Amino acid sequence: MLISVHMPKTAGNSFLSGLTQRFGERLLQVYFLRPISSSAEDRINRAKYRCKLFFTGRDITKRYDAIHGHFTADTFNRIPGPKQYCMFLREPADRTISHYLFWLEQDALLTREGLPKPYNSVRRKFLKNRLGLNEFAELPEMVNFFSIYLGKMRIEDFDFIGLQEEYSTSLRLFERIFGLKIEESHENPTSKASRADLLSRIDLGRLRTAQSANQLIYDQARKRFDQLCARYL
């Protein structure tokens, strides 16, 4: 079973497109657990899902060959059968900027279309307080973003680590490790004009300081990526 952790704004949707082409109905998508949301509803939902896996894990391994989505990396640790883990990361300040702009764009779209606002507690806080980028980057959930998604796992526990900044090379590495060719695509790109405008109005040093814990994990991931490239490419 391939367990693919989709950390938001790290080329996860692009990778999902390739996985869908490769696995089709044998791919299980899990996007309802909202790992960074701290609302009681979401915490209960995550706990219930883990309990459910105790009874449904064997059925999952029969029906699917891969799992991809927004969940902590240790979510499926106890389902039966061998498992291989993969995840893409992205330079933390750059990822945070992309996440911020994405939520701004999505809020504008929901407002324009008259659609309901999201349930994610962090996103609700972001919208309610109209946070600037630096304030957004300093939210506890953003400060600890990478560690939240890792759960109880470590970077060295992953069979594959990819980098959004080196997406093409990452896909070649993925193919060499797993013997699976994933077609390259680029989904949900952030507007370069929006990014440039935002960068002209923020304290980048403050942003990088806020993301220092994520940077430590990213540095470990880049080291792991370089080691895997040296071994397989």
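Quick caveat: nothing in here was measured; it's all calculated off a predicted structure.
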Across all chains, not counting sequence neighbours, the ring pair (Phe, Tyr, Trp, His ring centres under 6.0 Å) partners of Phe160 are Phe88, Phe174

Going only through I, L, V, M, F, W and Y residues with side-chain contacts under 4.5 Å, is there a path from Met87 to Leu216? no

Closest non-hydrogen contact found for Leu173 with Ile161 is CD2-O, 4.0 Å

CG of Leu104 to CG of Leu133, rounded to nearest 0.5 Å, is 9.0 Å

Close side-chain approach of Thr96 and Gln211, heavy atoms under 4.5 Å
yes

**Report entry** Check: Gln164 and Met7 side chains under 4.5 Å, non-hydrogen atoms
**Finding:** no

Hey, can you pull the donor-acceptor pairs under 3.5 Å for the side chains in residues 223-233, sequence neighbours left out?
residue, atom, partner, partner atom, Å
Arg224, NE, Phe158, O, 3.4
Arg224, NH2, Phe158, O, 2.7

Using residues 134-145 as the side-chain source, report each donor-acceptor pair under 3.5 Å to any protein atom, sequence neighbours left out, with the distance given to one decimal.
residue, atom, partner, partner atom, Å
Asn134, OD1, Asp203, N, 3.3
Asn134, ND2, Asp203, O, 3.1
Glu135, OE1, Gly132, N, 3.3
Glu138, OE1, Arg206, NH2, 2.9
Glu138, OE2, Arg206, NE, 2.6
Glu138, OE2, Arg206, NH2, 3.4
Asn144, ND2, Pro140, O, 3.1

Hits for side-chain hydrogen bond (donor to acceptor under 3.5 Å, both in side chains) against Asp219, two or more places apart or cross-chain, chain-then-number order -> Gln215

Side-chain heavy-atom pair Phe126, Asp107 within 4.5 angstrom cut-off: no

Are side-chain N/O atoms of Asn77 and Tyr85 paired as donor and acceptor at under 3.5 Å?
yes

On a heavy-atom basis, the closest approach of Glu91 and Tyr218 is N-CE1, 3.3 Å

Subject >> Aromatic ring proximity, centroids under 6.0 angstrom, Tyr49 and Phe71 >> reply: no

d(Phe55 CZ, Ile60 CD1) to nearest 0.5 Å is 13.0 Å

- Leu180 and Glu175: CA distance, side-chain angles, deciding distance, side chain to side chain contact (heavy atoms under 4.5 Å, CB included) verdict: CA-CA 5 Å; Leu180 298 170; Glu175 182 178 358; over 6 Å; no

Steps toward side chain to side chain contact (heavy atoms under 4.5 Å, CB included) verdict (Leu27, Leu16):
CA-CA 10 Å; Leu27 172 67; Leu16 170 61; 3.8 Å; yes

Quick note, salt bridge (charged side-chain N to carboxylate O under 4.0 Å, His left out) partners involving residues 145-164, not counting sequence neighbours, are Arg154-Glu156, Arg154-Asp157

Residues at least two apart in sequence or cross-chain that pass salt bridge (charged side-chain N to carboxylate O under 4.0 Å, His left out) with Glu166, listed by chain then number, are Arg222

Checklist line | Cation-pi geometry met for Lys9 and Phe102 (6.0 Å, 45°) | finding: yes

Looking only at heavy atoms, the pair that brings Glu165 and Leu89 closest together is OE1-O, 4.0 Å

Correct closest heavy-atom pair for Val122 and Asn120 would be N-OD1, 2.8 Å

The complete set of side chain to side chain donor-acceptor pair (under 3.5 Å) pairs with one or both residues in residues 66-76, sequence neighbours excluded, reads Ser4-His68, Tyr31-His68, Arg50-Thr72, Arg50-Asp74, Thr72-Asp74, Thr72-Thr75

Answer yes or no: is there a donor N or O on one side and an acceptor on the other, between the side chain of Asn45 and the main chain of Glu41, under 3.5 Å? no

Interatomic distance, CD1@Ile182 vs OG@Ser170, rounded to 0.5 Å, equals 12.5 Å

- Query: Does some side-chain heavy atom of Val5 sit less than 4.5 Å from a side-chain heavy atom of Cys86?
  - Reply: no

Looking only at heavy atoms, the pair that brings Thr61 and Pro80 closest together is CG2-O, 3.0 Å

Distance col, row Asn214:CG vs Arg208:CZ, nearest 0.5 angstrom, shows 12.5 Å

Does some side-chain heavy atom of Leu2 sit less than 4.5 Å from a side-chain heavy atom of Ile67? no

Salt bridge (charged side-chain N to carboxylate O under 4.0 Å, His left out) filter on Arg63, not counting sequence neighbours, yields Asp59

What one should report as the nearest heavy-atom pair of Pro8 and Arg95 is O-NH1, 3.1 Å

ask   = Just by distance, do the side chain of Arg78 and the backbone of Phe54 share a donor-acceptor pair under 3.5 Å?
value = no

Residues 23-35 vs salt bridge (charged side-chain N to carboxylate O under 4.0 Å, His left out), sequence neighbours excluded, gives Arg26-Asp65, Arg34-Asp42

Verify side chain to side chain contact (heavy atoms under 4.5 Å, CB included) between Phe76 and Val30, making sure each step is shown before the conclusion.
CA-CA 11 Å; Phe76 296 93; Val30 179; 3.9 Å; yes

For Ser212, the side-chain hydrogen bond (donor to acceptor under 3.5 Å, both in side chains) test, sequence neighbours excluded, returns none

- Message: Is the shortest side-chain heavy-atom distance between Thr10 and Phe15 below 4.5 Å?
- Response: no

CE of Met153 to CG of Leu150, rounded to nearest 0.5 Å, is 8.0 Å

Sorted by chain and number, sequence neighbours left out, side-chain hydrogen bond (donor to acceptor under 3.5 Å, both in side chains) with Tyr167 holds for none

Any chance you could lay out the side chain to side chain contact (heavy atoms under 4.5 Å, CB included) test for Leu163 and Arg90, step after step, and finish with the verdict? CA-CA 6 Å; Leu163 300 179; Arg90 181 177 185 175; over 6 Å; no

CZ (Arg124) and CG (Asn129) are apart, to the nearest 0.5 Å, by 12.0 Å

| Can any side-chain N or O of Lys181 pair as donor or acceptor with the backbone N or O of Gly179 at less than 3.5 Å? | no

Across all chains, not counting sequence neighbours, the side-chain hydrogen bond (donor to acceptor under 3.5 Å, both in side chains) partners of Arg46 are none

**Item:** Short side-chain to backbone donor-acceptor contact, Ser39 and Ser121, under 3.5 Å
**Value:** no

